[in-house]
Trainee: 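Encoded as structure tokens, here's the structure I'll be asking about.
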Amino acid sequence: MLTGIAAAFFYLFAFITVASAFMVIAARNPVHSVLFLILAFFNAAGLFLLTGAEFLAMILLVVYVGAVAVLFLFVVMMLDVDFTELKRGALQYAPIGALVGIILAAELIIVLGGSVFAPSIGRVVVQPTPDIATRTNTAALGDILYTDYIYYFQIAGLVLLVAMIGAIVLTLRHKEGVKRQNISQQVGRTPETAIEIKKVETGKGI
């Protein structure tokens with residue numbers, strides 16, 4: 001139970017996180033949306049620190065702020081994307097988005113309601129959180145990911161790899177008139193095809 005200055009910081013970080021998350025979808029400028037997303041990540045990392053999950057806080061800053069959010073920002077700034085044209089067809093996906101939102105809200109209500117109405121449910125967890133005096137958070141998380149659920153972790157990595165390859169294949173477009181490197185053609189070159197000899201007559205140029 002957080003009290004005193006810790007509780008004050010908790011409400012501060014929580015308020016800024018929720019407000020930033022709302023501005024991500026409310027801002028008209030996509031660059032501003034990405035900047036609000038970075039702000040939300042920073043405050044979420046502060047919430048993790050208050051709960052003692054320092055490893056998750058650092059991972060959130062290093063991975064999401066240092067890589068993903070900055071990548072989004074550069075993509076938005078470098079690509080000339082017509083966001084007005086993209087938003088025109090967004091209403092047709094509103095029913096599906098509302099359905100997904102209702103399902104997620106129901107799951108959150110079930111989880112939070114279960115912890116409120118049945119506090120003893122945490123005692124029947126198969127792998128309870130170890131005491132921080134005997135096992136650090138980082139070590140306990142490593143035990144779960146790389147020992148107990150290593151196969152599921154590897155399967156998740158393969159799924160992400162397949163999704164990444166599929167996204168590259170679907171978005172790969174070969175424009176006409178653009179010179180590209182052909183590895184097999186380069187490797188298969190012979191001295192006869194590697195050079196071309198031009199016989200230039202005396203007094204005439206090429």
Trainee: When rounded to the nearest 0.5 angstrom, what distance separates CG in Asn43 from CD1 in Ile38?
Mentor: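 Rounded to the nearest 0.5 Å, the CG-CD1 separation comes to 12.5 Å.
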Trainee: Nearest heavy-atom pair of Ala21 and Ala40: which atoms, and what distance?
Mentor: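 In this case the closest contact between Ala21 and Ala40 is N-CB, 4.4 Å.
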Trainee: Would a single hydrophobic cluster contain both Val18 and Phe36, if residues Ile, Leu, Val, Met, Phe, Trp and Tyr are joined by side-chain heavy-atom contacts under 4.5 Å?
Mentor: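 No, separate clusters.
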Trainee: Verify the cluster assignment for Leu99 and Leu104: are they in a single hydrophobic cluster under the rule of side-chain heavy atoms below 4.5 Å apart?
Mentor: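 No; tracing contacts between hydrophobic side chains, which count when under 4.5 Å, never links both residues.
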Trainee: When you look at CZ of Phe13, are more than 12 heavy atoms from neighbouring residues, nucleotides or ligands closer to it than 6.0 Å?
Mentor: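 Yes, enclosed.
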Trainee: Hydrophobic clusters here meaning ILVMFWY residues chained together by side-chain heavy-atom distances under 4.5 Å, can you tell me if Tyr11 and Leu47 are in one?
Mentor: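 In one cluster: yes.
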Trainee: Kindly compute the distance separating OG1 (Thr17) from CG (Leu12), expressed to the nearest 0.5 Å.
Mentor: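 Answer rounded to 0.5 Å: 9.0 Å.
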Trainee: Met23 and Ser33: which non-hydrogen atoms are nearest, and at how many Å?
Mentor: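 Where Met23 meets Ser33 most closely, the heavy atoms are O-OG, 4.3 Å.
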Trainee: Applying a strict under-4.5 Å side-chain criterion to I, L, V, M, F, W and Y, I'd like to know whether Val62 and Phe55 cluster together.
Mentor: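 As far as the 4.5 Å side-chain criterion goes, Phe55 and Val62 are not connected within one cluster.
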Trainee: For the OH atom of Tyr152 and the CG atom of Leu145, what is their distance to the nearest 0.5 Å?
Mentor: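 Nearest 0.5 Å value for the OH-CG distance: 13.5 Å.
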Trainee: Under the side-chain contact (heavy atoms from CB on, under 4.5 Å) criterion, do Ile165 and Val169 qualify, and how do the steps go?
Mentor: CA-CA 6 Å; Ile165 296 174; Val169 172; 4.3 Å; yes
Trainee: So, taking the atom named CG in Leu108 and the one named CD1 in Ile103, what distance separates them when rounded to the nearest 0.5 Å?
Mentor: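 With rounding to 0.5 Å, CG (Leu108) is 12.0 Å from CD1 (Ile103).
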Trainee: Taking it one step at a time, do Leu158 and Gln154 satisfy side-chain contact (heavy atoms from CB on, under 4.5 Å)?
Mentor: CA-CA 6 Å; Leu158 290 176; Gln154 294 294 335; 5.6 Å; no
Trainee: Relative to the ring of Tyr146, is the ring of Phe153 parallel (under 30°), tilted (30 to 60°) or perpendicular (over 60°)?
Mentor: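 It falls in the perpendicular class, over 60°.
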Trainee: Do you know the tightest heavy-atom contact between Ala6 and Leu50?
Mentor: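 Nearest pair, atom of Ala6 first, then Leu50: O-CD1, 4.0 Å.
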Trainee: Let me see the working for Leu56 and Leu60 under side-chain contact (heavy atoms from CB on, under 4.5 Å), right down to the final yes or no.
Mentor: CA-CA 6 Å; Leu56 295 179; Leu60 185 62; over 6 Å; no
Trainee: Under 3.5 Å, side chain of Thr51 to main-chain N/O of Phe48, donor-acceptor pair present?
Mentor: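 Between the backbone of Phe48 and the side chain of Thr51 there is a qualifying donor-acceptor contact (under 3.5 Å).
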Trainee: In Å and rounded to the nearest 0.5 Å, what is the CZ to CG distance from Phe42 to Leu61?
Mentor: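 Interatomic distance, Phe42 CZ to Leu61 CG, rounded to 0.5 Å: 5.5 Å.
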